2 protein chains.
Amino acid sequence: MGAAQKNDFMKENKELVGVKEIARRAKVSIGTVDRVLHNRTGVSKKTKDKILAIIAELEYQPNILARRLASKKTLNIAVLIPAVSAETNYWKAPLDGILEAGIEVKPYGIAVEQYFFDQNDKTSFVKQADQILAAGVDGVLLAPMFMKESEKFADECKKLRIPYVFINSDIPDHDSLCYIGPDLFHSGSLGAHLMRYLVSGNDQVLIVNISKEIDNLHHLLRKEEGFKDYFKKNGLNNEIIKQDIRSTDYASVKKELTKVLDNRAIKAIFVTNSRVSSVAKYLQEAKRGDIKLIGYDFLEDNINYLKNGDIEFLISQKPKEQGYRGIMALYNHLVHAAQFDKSYYMPIDIITSENYLFYNN
Amino acid sequence: MGAAQKNDFMKENKELVGVKEIARRAKVSIGTVDRVLHNRTGVSKKTKDKILAIIAELEYQPNILARRLASKKTLNIAVLIPAVSAETNYWKAPLDGILEAGIEVKPYGIAVEQYFFDQNDKTSFVKQADQILAAGVDGVLLAPMFMKESEKFADECKKLRIPYVFINSDIPDHDSLCYIGPDLFHSGSLGAHLMRYLVSGNDQVLIVNISKEIDNLHHLLRKEEGFKDYFKKNGLNNEIIKQDIRSTDYASVKKELTKVLDNRAIKAIFVTNSRVSSVAKYLQEAKRGDIKLIGYDFLEDNINYLKNGDIEFLISQKPKEQGYRGIMALYNHLVHAAQFDKSYYMPIDIITSENYLFYNN
DNA sequence: TTTTGTTTCGGGTACGTACACGTAAAATAT
DNA sequence: ATATTTTACGTGTACGTACCCGAAACAAAA
């Protein structure tokens, strides 16, 4: 054990057989082999079985290079995600990942096209979805922000046999190729765990949900559940107060916070999404540096507050990687016919003032 | 802003010109174009310049698919890393990443071959390095554990014009294609930052270095520097005690720890590498649950102690990804002739009992 | 001028696959 | 029986590049 050694690793003596060899062994032409490979018509059951047997025996792997070279048609992937708005640029990161994956798979004949919708406007989502269906694509990556509309769109895709991948939030049991995004419940638990380092005894804790969208709310609630569950499981008796803020502008946030913080001994705040910077701003203005803050997402605003200590922890779920992996999942499915897990939960990352410099969104 | 929109993105009107088009425009044959592309002999300066101009004008990008298909020769990448030993299986993770990248690039004509050496035996490193040179490879990925020997090997590679990538630890200013691994100093600072949540006032803090290898020690020292720097910068006056343990067996660890913990008010320990599980084991045995523990690396042993609270935080630097990216860097350089940064610092991840389930090593 | 040599270039084939087209054989209809 | 359709399969070309072979073109030697 541990001695110097050279490992030639599995030998890989695949010898890379191709259709030609298969054809030779089956005593048929290349064309026939090609037909069974793409299970097209025009091959008798007998020869088809024979060829299939040989393919299995030889563990034939089609040469991707040659395949894409010979096939002049490009595969189209449509992406349906919220537009990057002035309000929140969270979706810039997934988009970056999507674009990166896009240029990576382009040489292999994949075209990625973006369709953006407005998070505050369901009809824009429907409109873009219809465009995608009209365009006739080979795969779809979508953020199912609006529950009902997304389900409808997914059903359409299923009918047309277009594979689709959910990103960032899931609609379980809807036959998506897979889901790529966070496990919200555990994300909340982690928030609680970190909170534990910031409070003690019977300090009060505040949970803040800031969101205009009702449809988004269930995501936030899931985090809240995870958060509370942690306190309960660990026998912590801190009072947990909750405040929903249904307007995202700073004035509203300020008003609500002032109200809820008044006459209370709140020691720390858990903000369930990326709007945490608003809260940080308020605390700074109100000179409430004594209140610790935990929130979400690696955004410039948030990082700035993290740097000078107004935010203690940020939790992030690799939004860029979500986009990247989403495209790659479709690519692998379309080109390599690969199988994979139904859901891919992203890591739950902790960002502090000491490691944000090295974080990969 | 924020309105629904469709983005066709950069148009990409490259029209994918090939050698044929270049040949047509230059009024020469494909063969001639091919010669200048590979700057082989046999082309007059005049026609060469003309072709070069056209290539530049058209921003010609060779088709990787066709290129690798037509070229029957495969490129060989050698990997030189420590063997996974019973003592520490840290290197299993980078190896996994390397293997994963290996199968990924295999279809493109890249063969990855592993050469393992013994961390406790410099001569084994040298022996394997010589084998690589004898084998004649096109690229090398290596963990430069032994400073002097690694420098010598790197120089040899440079002489033979073989590109090489450092992984896990760096030898700066040595013309490596790039370095992929952690920023050790900041890693230590993060440890200190986390430590801050565990101690208060004038609690004593212990730093433990466990390593048999002198050559490895400078890595650990770098972390130590970052750790101490954080305390200093933040005006913390906790007494920091340091203990080197130069034998990795549990008995030695136990003995040294017993000694150093005796008659002291140590409240928390920072272990600078993956041996933290030994310390956790000791604390458990000695019923010193009051002492908090921070250490390194997502290893099974460590995770077990993390789960039941014996270890508070683990810091990890994506060892698997290091291996993966190392191979990919060489692949991109060899196949795509890509340029990239001299060093790629890995994210510094924090693992707790609440997020370890979702960590990607 | 012819011969020999050298430089410069064009033509052809191969890589492994996709697909259109064509043709022989089998099945069905007349 | 022949004619017609259907089924089953083979052939050829194309994708974009690598590389070999040999033919011009030109220069230097005879």
Side-chain angles (χ1 to χ4, degrees), chain A residues 14-52 54-55 58-75 106-111 138 334-337, chain B residues 14-52 54-55 58-75 106-111 138 334-337:
Chain A
K14 280 285 152 52
E15 286 308 331
L16 296 204
V17 291
V19 281
K20 204 186 294 181
E21 173 65 11
I22 296 173
R24 201 183 58 77
R25 298 207 188 195
K27 297 199 198 37
V28 295
S29 80
I30 294 178
T32 304
V33 176
D34 186 64
R35 268 181 282 267
V36 342
L37 279 174
H38 297 79
N39 54 322
R40 273 175 290 205
T41 60
V43 186
S44 72
K45 177 140 180 16
K46 209 174 73 179
T47 54
K48 181 171 180 178
D49 287 346
K50 180 162 55 167
I51 291 172
L52 244 24
I54 294 175
I55 287 175
L58 265 49
E59 298 181 42
Y60 163 74
Q61 293 285 103
N63 184 319
I64 319 168
L65 299 164
R67 167 166 291 183
R68 288 242 51 91
L69 183 59
S71 167
K72 45 218 87 215
K73 74 155 166 286
T74 68
L75 298 169
K106 196 180 165 212
Y108 308 122
I110 312 283
D138 305 288
L334 293 172
V335 175
H336 297 85
Chain B
K14 279 283 151 49
E15 286 308 331
L16 295 206
V17 292
V19 281
K20 203 186 296 180
E21 173 66 11
I22 297 172
R24 201 182 58 78
R25 297 207 188 194
K27 295 198 202 25
V28 295
S29 79
I30 294 178
T32 304
V33 176
D34 185 65
R35 269 181 282 265
V36 341
L37 279 174
H38 297 79
N39 56 322
R40 273 175 292 208
T41 59
V43 185
S44 69
K45 177 142 181 15
K46 208 173 72 180
T47 56
K48 181 171 179 175
D49 286 346
K50 178 163 54 168
I51 290 172
L52 244 24
I54 294 176
I55 287 176
L58 264 49
E59 298 182 44
Y60 163 75
Q61 292 284 101
N63 183 318
I64 319 166
L65 298 162
R67 167 167 290 183
R68 289 241 51 90
L69 182 61
S71 165
K72 45 220 85 210
K73 75 156 165 285
T74 69
L75 298 169
K106 199 187 163 201
Y108 309 122
I110 312 282
D138 304 288
L334 292 172
V335 175
H336 297 86

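Chain letters run A, B, ... following the sequence lines, proteins first and then strands; every chain starts at 1. What you see is a predicted model, and the numbers here were worked out from it, not measured in a lab.
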Separation of [N] [atom2] from [X] [atom1] (nearest whole Å):
{"X": "A:Asp49", "N": "D:dC9", "atom1": "CG", "atom2": "P", "value": "11 Å"}
{"X": "B:Ile51", "N": "C:dT8", "atom1": "CD1", "atom2": "C1'", "value": "11 Å"}
{"X": "B:Leu65", "N": "C:dA14", "atom1": "CG", "atom2": "P", "value": "22 Å"}
{"X": "A:Leu69", "N": "D:dA18", "atom1": "CG", "atom2": "P", "value": "12 Å"}
{"X": "B:Lys46", "N": "D:dA25", "atom1": "NZ", "atom2": "P", "value": "15 Å"}

Sugar-phosphate only, base, or nothing, as touched by B:Lys27 at under 4.0 Å among non-hydrogen atoms
sugar-phosphate
Answer with base, sugar-phosphate or nothing: what part of the nucleic acid does B:Thr47 contact at a heavy-atom distance below 4.0 Å?
sugar-phosphate
Report the nucleotide, chosen from C:dC15, C:dG10, D:dG10, that has the shortest atom-to-atom distance to any side-chain atom of A:Val28.
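Within the option list, the nearest is D:dG10.
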Nearest listed nucleotide, side chain of B:Ser44, among C:dC9, C:dG16, D:dC9:
C:dC9
Axis-to-axis angle between the two ends of the helix from C:dT1-D:dA30 to C:dT30-D:dA1 (five base pairs per end, rounded to 10 degrees)
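That helix gives 60° between its end axes.
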Value rounded to 0.5 Å, distance of [atom1] in [X] from [atom2] in [Y]:
{"X": "B:Leu75", "Y": "B:Tyr108", "atom1": "CG", "atom2": "OH", "value": "14.0 Å"}
{"X": "A:Leu69", "Y": "A:Asn63", "atom1": "CG", "atom2": "CG", "value": "9.5 Å"}
{"X": "B:Ile54", "Y": "B:Arg24", "atom1": "CD1", "atom2": "CZ", "value": "9.5 Å"}
{"X": "A:Arg68", "Y": "A:Lys73", "atom1": "CZ", "atom2": "NZ", "value": "8.0 Å"}

Sequence-distant partners of [X], salt bridge (charged side-chain N to carboxylate O under 4.0 Å, His left out), two or more places apart:
{"X": "B:Lys46", "result": "none"}
{"X": "B:Arg35", "result": "none"}
{"X": "A:Asp34", "result": "A:Arg40"}
{"X": "A:Arg25", "result": "A:Glu21"}

Report all interatomic pairs (protein N or O, nucleotide N or O of nucleotides 17-27 of chain C) with separations under 3.5 Å.
residue, atom, partner, partner atom, Å
C:dT17, OP1, A:Tyr60, OH, 2.7
C:dT17, OP1, A:Asn63, N, 3.1
C:dT17, OP2, A:Val19, N, 2.8
C:dA18, OP1, A:His38, NE2, 2.9
C:dA18, OP1, A:Arg67, NE, 2.7
C:dA18, OP1, A:Arg67, NH2, 3.4
C:dA18, OP2, A:Asp34, OD1, 2.8
C:dA18, OP2, A:His38, NE2, 3.4
C:dC19, OP1, A:Lys73, NZ, 3.4
C:dC19, OP2, A:Arg40, NH1, 3.3

Can you tell me if A:Thr32 touches the phosphate of D:dG10, counting only side-chain N or O atoms and a distance under 4.0 Å to OP1 or OP2?
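For D:dG10, OP1 or OP2 has a side-chain N or O of A:Thr32 closer than 4.0 Å.
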Quickly, which of A:Ile30, A:Val33, A:Val28, A:Leu52 forms a side chain to side chain contact (heavy atoms under 4.5 Å, CB included) with A:Ile22? Name it, please.
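That would be A:Val33.
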